[in-house]
Engineer: 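First, the structure itself, so that you have it in front of you.
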2 protein chains.
Amino acid sequence: MLSYTTHDLVQAFPIFDESLADFIIEHGESKLFSAGEVMMRPGQFFKYAMLIVKGRVKLYREGVEGEEFFMYYLENGNACALSMLCMARNQSSTIMAVALEETEVIMIPIQLMDSLMKNYPTWYHFVIETYRSRFEELLTVVDHIAFKNMDERLEWYLKRQASSLGNDLMLTHQQIAHDLNSSREVISRLLKKMEKNGQISMERNTIHWLG
Amino acid sequence: MLSYTTHDLVQAFPIFDESLADFIIEHGESKLFSAGEVMMRPGQFFKYAMLIVKGRVKLYREGVEGEEFFMYYLENGNACALSMLCMARNQSSTIMAVALEETEVIMIPIQLMDSLMKNYPTWYHFVIETYRSRFEELLTVVDHIAFKNMDERLEWYLKRQASSLGNDLMLTHQQIAHDLNSSREVISRLLKKMEKNGQISMERNTIHWLG
DNA sequence: TTACTAAAGTGACATATATCACACGAAGAA
DNA sequence: TTCTTCGTGTGATATATGTCACTTTAGTAA
């Protein structure tokens, strides 16, 4: 039993109808992750589908030698597609998820999925939409690494960051290099160019997106 | 009304139970694509979910300047995750699908999805499994282009081709270069190395995978 | 056979990115 | 203040891959 009102939940997940929201409030569990906490790691199994109510989660892929590669953020109103997929198949996750800020999630036990699917069409539409949007996002990621050079990838990266975190990005060049699986020097040089072009301005630890 | 027997269908899609197979036979439509035919292109809308009964479909992403990038094959027993996702949202596709051989599909009209989801748990499990496996495949693709050099990517590519098409691959170096968004000369040189290492042998138009 | 075409091989060079080495300056600690 | 650390700037160089020009070879058509 969660402490949300139906209204809260429908506000965060506008696609839900009231009966679905009630059901989730009745049967869901709530969990709080603190900033920096790992929410999901490769090899982990899931017994819950996770809905993000508050906060921000960074999803990234890990390479065999510990490289990182940023995929996307999950925010208020999103669900973790992978938790749903893995849970449904009792398969282990293949991705890292880390809370960027304090993050509040609703956890829906696996046993309820069949009945949700069966009885709440808006749930099923929500699930489909979750898969679809993540799938598309992943396709866009593939596009960029397959077809684009680092300058365009960096630009796209900053654009996404800005639309998710706001125009003042507290990022070091090193962090960006990690997220793009590149190196700091390369990123520094490309940022310099973007600054000259008037696309960004820079301070220590911060990049201002002027899009 | 399709001309399959329940038994045929359950053989191709072992996860289906008999009542589901019956329902699909009753309400699905059948369609034949000839080799080389485009089954799906970016911008196209879907009114059907597609199940592949026979043949082989190549899915790839197109770059803005016409570059290609191979993603995966769909074969007997697979469904097209994207057709299901796009259909469900009435969104347009973002990927190219081309029949490699003569390919037979069952098309399930969008109006039936809700009732399938509601009444046939094995359908819903099938859909989830379809999403999950394609999502994972896409993650693996991301891994390779994000973290690996061309030699490893080529090796992985050939391995996948071999496991899908058999060990004698009728591919030109140029085709491979397209699929990996690289250039023929690079692929030729890398193949030469692999031949020296005893991983493959080559003839004109053919590569023998010796894995 | 000869001629033609598509596939494949190969050297030279161009470019993007990675790596190394080191300098500089801002912010925080002592 | 001084010292230290961390983020950043920058040149030199290495490496992987892309591009160009040309040759060779295998299959095929005439």
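Order of the sequence lines sets the chain letters (A, B, ...), proteins ahead of strands, with each chain counted from 1. FYI, side chains are in, hydrogens and waters are out, and symmetry mates aren't considered; it's all heavy atoms of this structure. The model shown is predicted, which means the values in this text are computed figures rather than measured ones.
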Engineer: Who pairs with A/Arg153 by side chain to side chain donor-acceptor pair (under 3.5 Å), at least two apart in sequence or on another chain?
Structural biologist: none

Engineer: Is it true that B/Lys54 and B/Glu101 have a side-chain N and a carboxylate O under 4.0 angstrom from each other?
Structural biologist: no

Engineer: Let me have the donor-acceptor pairs involving side chains of residues 154-163 of chain B, under 3.5 Å, with sequence neighbours excluded, atom names and distances please.
Structural biologist:
residue  : atom : partner  : partner atom : Å
B/Tyr157 : OH   : B/Asp179 : OD2          : 2.5
B/Arg160 : NH1  : B/Met71  : O            : 3.4
B/Arg160 : NH2  : B/Met71  : O            : 2.6
B/Arg160 : NH2  : B/Glu137 : OE2          : 3.1
B/Gln161 : OE1  : B/Tyr73  : OH           : 2.6
B/Gln161 : NE2  : B/Tyr73  : OH           : 3.3
B/Ser163 : OG   : B/Arg160 : O            : 3.0

Engineer: List for me each residue that meets side chain to side chain donor-acceptor pair (under 3.5 Å) alongside A/Gln174, sequence neighbours excluded, and say none if there are none.
Structural biologist: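 Expected list: none.
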
Engineer: I want to check one thing: is the phosphate of C/dA6, taken as OP1 and OP2, less than 4.0 Å away from some side-chain N or O of B/His173?
Structural biologist: no

Engineer: Can you run down the salt bridge (Lys or Arg N to Asp or Glu O under 4.0 Å) pairs that involve residues 69-78 of chain A, sequence neighbours left out, and say none if there aren't any?
Structural biologist: A/Arg56-A/Glu75

Engineer: With a 4.0 angstrom cut-off to heavy atoms of chain A, pull out the first and last contacting nucleotide of DNA chain D, in 5'-to-3' order.
Structural biologist: D/dC6 to D/dA12

Engineer: Are B/Lys192 and C/dA8 close enough that a side-chain N or O sits under 4.0 Å from OP1 or OP2?
Structural biologist: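 Checking B/Lys192 against C/dA8: no side-chain N or O falls below 4.0 Å of OP1 or OP2.
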
Engineer: Name all residues meeting the side chain to side chain donor-acceptor pair (under 3.5 Å) criterion together with B/Thr122; count only those two or more places apart in sequence or in a different chain, and write none if there are none.
Structural biologist: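 Residues passing side chain to side chain donor-acceptor pair (under 3.5 Å) with B/Thr122: none at all.
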
Engineer: Which atom pairs, donor and acceptor, lie under 3.5 Å between side-chain atoms of residues 200-211 of chain B and protein residues at least two apart or in another chain?
Structural biologist:
residue  : atom : partner  : partner atom : Å
B/Glu203 : OE2  : B/His208 : NE2          : 2.5
B/His208 : ND1  : B/Asp168 : OD1          : 2.5

Engineer: Who are the side chain to side chain contact (heavy atoms under 4.5 Å, CB included) partners of A/Glu152, not counting sequence neighbours?
Structural biologist: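 So A/Glu152 forms a side chain to side chain contact (heavy atoms under 4.5 Å, CB included) with A/Lys148.
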
Engineer: What string of B, S and - do you get for nucleotides 23-30 of chain C, 5' to 3', if B is base contact, S is sugar-phosphate-only contact and - is no contact with any protein heavy atom under 4.0 Å?
Structural biologist: --BB----

Engineer: If the sugar-phosphate is the primed atoms plus P, OP1 and OP2 and the base is the rest, what is the B/S/- string for nucleotides 13-20 of chain C, using protein heavy atoms under 4.0 Å?
Structural biologist: ----SBBB

Engineer: For B/Glu185, give me all partners under side chain to side chain contact (heavy atoms under 4.5 Å, CB included), at least two apart in sequence or on another chain.
Structural biologist: B/Ser183, B/Arg189

Engineer: Restricting to ring pair (Phe, Tyr, Trp, His ring centres under 6.0 Å), what partner residues turn up for B/Phe13, sequence neighbours left out?
Structural biologist: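 Ring pair (Phe, Tyr, Trp, His ring centres under 6.0 Å) list for B/Phe13, sorted by chain: B/Phe16, B/Phe126.
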
Engineer: Please report the distance, rounded to the nearest Å, between CE in B/Met170 and P in C/dA7.
Structural biologist: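 Checked: the CE to P distance equals 12 Å.
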
